Trainee: 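Sharing a structure, written as structure tokens. Questions coming.
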Amino acid sequence: MPQQDQHDNISKARMLLATRRFLKLDEWLLSQMRGWQNQGEGHSDYGLLMHPATLFTGTESPPLNPLEILSDWVQQCPQSYHAHALLGMVWHENAWIIRQPQEGEEVADHQWLGAQLCCDYAVLSFLRAIELHPRPTHALRHMMNLSGGFGEPYWLKALFAGEIPKPLHEKFSIQGSEIWRAGVAHIHALGFEPATHWPQVLPAALQQTRKNDEEALDYWLRMAMSVRHADVGTMESYLLFHSAFWGGSDAQQMQIIDSPLCAEFSEEERNQFRANALCDALSGDIADSESPQALELQSRLAGLLAQPLSPETRIRLLSLAGICIAYWQDDDQAGLAVYNDLFAVSPQAMPGHAARMFISRAVLANGHQEGLPVLTQLLTRGLSQANDPVLVAFAATALQSGLYGLPARPELCAGLMEHAWSLILQAGDEQPVKDLVTLAHDMAINDDLDAAHFLMTEMARHGSAIHCYELYFFYRNGWHQDVPEQYHNDSNAMDCVLSAARSGMVPAMFTCANALREGLGGEPDYEQAMHWYQRAMDAGHLSAAYFRASCALDNGSDAEKRQAAEVWLPEILHNAQHPDRAEAAYTLGMAWLTGTGVKKNRYTADKYMEFVLELNPDSEAAKQVHEELSGSLRARMSLWQDKRKAEVEDPVAEFRLQEPLQ
């Protein structure tokens, strides 16, 4: 069987590599290469084998170090084309790893430098590979990929221009700078020093081959296609660099596919390129309904789906198309029909993440019950494949009560939920947990509140803080749907929010403090409420500062009341961006009116009410207090008397100074 042969070939390559039998591996790869290079074999594993992801993702323990093994291979077999080509690929991969931005941040200069230092080694390896084989397809292809992603190094540009490149320290004066130290640290972490000196001439195969002003991407494409014409992998990479992600467009890709550049490819291969381009277009922002772009994409989709396509390509297209079709036709059922077609492709066909969430939303939340068979198929396949935590938990919930086309099999649910949780932990990603919250809400909209409760309690039992937090509102009937009275339980709600707070969930810390202050499910606990307000504040929850102060004024000792009135609330008023500034001013005004934490003074209280109305003219509470304090002659006489006792004439002037300049 071809699939078994492929598995055997991959296992053989990994074994030879792990045991460092480099000569044997090189001979075997060269034999595999001949048929693939001449495009005379209908099936060849050589293209798959020539990728680090294939060779270095086995089950070896400890895992293999690609740079170490390939460097050893190069040292033992300096004339090995494959060793140099694979080493270049690994250096290129490390450049991408270093270049990855931190979450929410842009790529730093030192990351660009570290990536470029890796690219230097990659290019050196590829150039050496080009010298060692008359038809170095992979080396040329990956030079194209590197040039598209990072650009050509300065020294390679100099060689193509007929110049002798300057050493790194002569070309740039960044050595010794902070950026240089941080950039070099990336390559030091890999166990190498930066390369500093370059070849003096190009490999013979590249000399006098570049046209004037020819872009690097176009040049390396031309060179790769000249040694292996109509190479699908090379053209797919080239088209990718003309996608919207790289500053191109769907139209640009289609123009290339229909140009002489792709003339030597078969219609089946060009359809594959068109499908890739269409997938790019469908996975981006959805075109406006009834726009020319939407109409064109629908036409292209229908045309491609009418052509022979590989099952994998058809599944990719349908997975992306369903949501788009539903939007363009304003009909969830049209999208569900697309996913029904997807399931018909093969027993293993599964839609992507967004499509799965759409199916549940369309059937449960939007009420398209005619689409229930599609949801049933999704859950059935989720059980048979059992590798997606969201689908496994969703299916377990359905089996608990026999919902959504699945039979009632409650005896299976505990094991399935356990498996779903283990998959969530393996993934190390919060998205599945968030998706399961969404599914619980969809179930509730579909009046399946028992199922929603089961899903949330199972996830909470396994340690999901967000589901504990959801259950707090569920038990208090503060959820988005009316919750049956049988579930109302303040004690359960308190347990859930406390568990979520202890897990480190910041909104839960704040809510927990409010519940303890209220005495939910028992007696009020001032000390614990203040503890959780402080925890929430320390974690960056702004409103916790105001509620801590108001809690102290209501329930604290005299010393805490004074601290709230003299320190905590003024700190909030000094922050012009604080979301509870108006509430803090009102609370401080009421403290002065009642003499809580400060010496009672109606004049000062009224000044704070005026300040509240400056911050929020619609505050009815402040209007009422201000009217009571100044609305009659007797009230104004009292204000005048208290004004003489006040320490400052305008107690809120210092807070007005914090207003941002217009």
Side-chain angles (χ1 to χ4, degrees), residues 510 513-520 523-527 529-530 533-534 537 542-662:
F510 175 66
N514 289 334
L516 288 163
R517 176 180 179 177
E518 176 188 339
L520 183 68
E523 294 297 319
D525 191 331
Y526 171 75
E527 296 298 333
M530 293 296 281
Y533 281 133
Q534 187 64 53
M537 284 177 59
L542 291 177
S543 290
Y546 165 67
F547 279 80
R548 178 190 63 162
S550 67
C551 185
L553 287 174
D554 288 343
N555 305 303
S557 64
D558 288 344
E560 288 170 322
K561 285 180 169 63
R562 285 195 299 274
Q563 187 173 20
E566 295 175 0
V567 180
W568 293 343
L569 289 172
E571 283 177 349
I572 294 172
L573 294 180
H574 277 297
N575 182 358
Q577 306 304 317
H578 199 285
D580 301 302
R581 197 169 179 228
E583 289 79 0
Y586 177 81
T587 301
L588 191 50
M590 292 302 295
W592 281 99
L593 183 62
T594 58
T596 305
V598 289
K599 188 175 181 180
K600 182 176 178 179
N601 190 294
R602 285 165 293 187
Y603 170 77
T604 303
D606 190 50
K607 284 298 181 182
Y608 275 103
M609 294 305 157
E610 290 178 354
F611 187 48
V612 173
L613 293 172
E614 291 177 24
L615 298 173
N616 178 18
D618 297 325
S619 174
E620 292 299 329
K623 288 178 184 177
Q624 182 177 343
V625 174
H626 178 57
E627 178 64 25
E628 291 172 356
L629 288 172
S630 62
S632 66
L633 178 60
R634 176 175 293 183
R636 288 193 293 274
M637 288 292 292
S638 296
L639 288 181
W640 179 75
Q641 291 174 355
D642 277 10
K643 181 178 180 180
R644 298 171 61 189
K645 303 174 187 176
E647 295 180 4
V648 292
E649 184 172 344
D650 188 356
V652 299
E654 61 177 306
F655 307 126
R656 289 194 183 95
L657 294 177
Q658 303 301 314
E659 296 289 345
L661 295 175
Q662 299 296 320

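Computed from a predicted model, the values in this text were never measured in an experiment.
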Trainee: Taking only residues two or more places apart in sequence, or in another chain, which ones meet Y603 in a side-chain hydrogen bond (donor to acceptor under 3.5 Å, both in side chains)?
Mentor: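 Checked Y603 against side-chain hydrogen bond (donor to acceptor under 3.5 Å, both in side chains); zero matches.
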
Trainee: Working to the nearest 0.5 angstrom, can you tell me the gap between S638 OG and N601 CG?
Mentor: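 Taking OG in S638 and CG in N601, the distance rounds to 11.0 Å.
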
Trainee: List for me each residue that meets side-chain contact (heavy atoms from CB on, under 4.5 Å) alongside P579, sequence neighbours excluded, and say none if there are none.
Mentor: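 By the side-chain contact (heavy atoms from CB on, under 4.5 Å) rule, P579 matches L542, S543.
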
Trainee: Determine whether a donor-acceptor pair (N or O, by modelled atom type, separation under 3.5 Å) exists between the side chain of D525 and the backbone of L516.
Mentor: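 Not at all, since once roles are kept as given, no pair shorter than 3.5 Å links the two residues.
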
Trainee: Could you tell me which residues satisfy side-chain hydrogen bond (donor to acceptor under 3.5 Å, both in side chains) with S619, sequence neighbours excluded, listed by chain and number?
Mentor: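 Scan of S619 (side-chain hydrogen bond (donor to acceptor under 3.5 Å, both in side chains), adjacent residues dropped) gives none.
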
Trainee: Check A582 against L615 and note the closest heavy-atom contact, atom names and distance.
Mentor: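 Shortest heavy-atom separation between A582 and L615 comes out as CA-CD1, 3.8 Å.
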
Trainee: I need the L553 CG to Q563 CD distance, nearest 0.5 Å.
Mentor: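 One gets 11.0 Å once the value is rounded to the nearest 0.5 Å.
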
Trainee: Between L629 and L593, is the side-chain contact (heavy atoms from CB on, under 4.5 Å) condition met? List the steps.
Mentor: CA-CA 10 Å; L629 288 172; L593 183 62; 3.7 Å; yes

Trainee: Over all heavy atoms of both residues, which pair between V598 and A565 is shortest? Give the atoms and the distance, please.
Mentor: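 Closest approach of V598 to A565: CG1-CB, 3.6 Å.
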
Trainee: Run the ring pair (Phe, Tyr, Trp, His ring centres under 6.0 Å) test against F547 and tell me which residues pass, sequence neighbours left out.
Mentor: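 So F547 forms a ring pair (Phe, Tyr, Trp, His ring centres under 6.0 Å) with F510.
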
Trainee: Should Y608 and L573 be marked as a side-chain contact (heavy atoms from CB on, under 4.5 Å) after you check the CA-CA gap, both sets of side-chain angles, and the distance that decides it?
Mentor: CA-CA 11 Å; Y608 275 103; L573 294 180; 3.8 Å; yes

Trainee: side-chain contact (heavy atoms from CB on, under 4.5 Å), that's the test. Do E649 and K607 meet it? Break it down for me.
Mentor: CA-CA 9 Å; E649 184 172 344; K607 284 298 181 182; over 6 Å; no

Trainee: Keeping to residues at least two apart or across chains, list the salt bridge (charged side-chain N to carboxylate O under 4.0 Å, His left out) pairs with something in residues 628-638.
Mentor: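 Not a single pair qualifies under salt bridge (charged side-chain N to carboxylate O under 4.0 Å, His left out).
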
Trainee: Which heavy-atom pair separates P570 from F655 by the least distance, and what is that distance?
Mentor: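 Looks like O-CE2, 3.8 Å.
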
Trainee: Which pairs count as salt bridge (charged side-chain N to carboxylate O under 4.0 Å, His left out) when at least one residue sits in residues 559-573, sequence neighbours excluded?
Mentor: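 The answer is none; no pair qualifies.
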
Trainee: In Å and rounded to the nearest 0.5 Å, what is the CG to OG distance from L588 to S550?
Mentor: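 Reported to 0.5 Å precision, the distance equals 12.0 Å.
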
Trainee: So which atom in A552 and which in A564 form the shortest heavy-atom distance, rounded to 0.1 Å?
Mentor: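 What the structure gives for the nearest pair is CB-CB, 4.0 Å.
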
Trainee: To the nearest 0.5 Å, what is the distance between NZ on K600 and CG on D642?
Mentor: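 CG of D642 is found 8.5 Å from NZ of K600.
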
Trainee: With sequence neighbours left out, what residues match R548 under salt bridge (charged side-chain N to carboxylate O under 4.0 Å, His left out)?
Mentor: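 None.
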
Trainee: Going from CZ on R602 to CD on Q641, what distance comes out if it is rounded to the nearest 0.5 angstrom?
Mentor: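 Reported value, rounded in 0.5 Å steps: 7.0 Å.
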
Trainee: Tell me every residue that passes side-chain hydrogen bond (donor to acceptor under 3.5 Å, both in side chains) with H626, counting only those two or more places apart in sequence or in another chain.
Mentor: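 H626: side-chain hydrogen bond (donor to acceptor under 3.5 Å, both in side chains) contacts with D606.
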
Trainee: By the salt bridge (charged side-chain N to carboxylate O under 4.0 Å, His left out) test, which pairs, at least two apart or in different chains, include something from residues 611-622?
Mentor: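 As it turns out, the salt bridge (charged side-chain N to carboxylate O under 4.0 Å, His left out) pairs with a partner in residues 611-622, which skip direct neighbours, are E614-R656, E620-K623.
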
Trainee: Does E518 have any side-chain contact (heavy atoms from CB on, under 4.5 Å) partners at least two apart in sequence or in another chain, and if so, which?
Mentor: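 Expected list: R476, L520.
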
Trainee: Could you work out, with side-chain hydrogen bond (donor to acceptor under 3.5 Å, both in side chains) as the rule, every residue matching Y533, not counting sequence neighbours?
Mentor: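 side-chain hydrogen bond (donor to acceptor under 3.5 Å, both in side chains) list for Y533, sorted by chain: N514, R517.
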
Trainee: Locate the shortest heavy-atom distance separating R581 from N575; write the atom from each residue and the value.
Mentor: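 That closest heavy-atom pairing would be CD-O, 3.4 Å.
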
Trainee: Output every pair passing side-chain hydrogen bond (donor to acceptor under 3.5 Å, both in side chains) with a member in residues 585-598, not counting sequence neighbours, ordered by first then second residue.
Mentor: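 Listed once each, the pairs are Y546-T587, T594-T596.
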
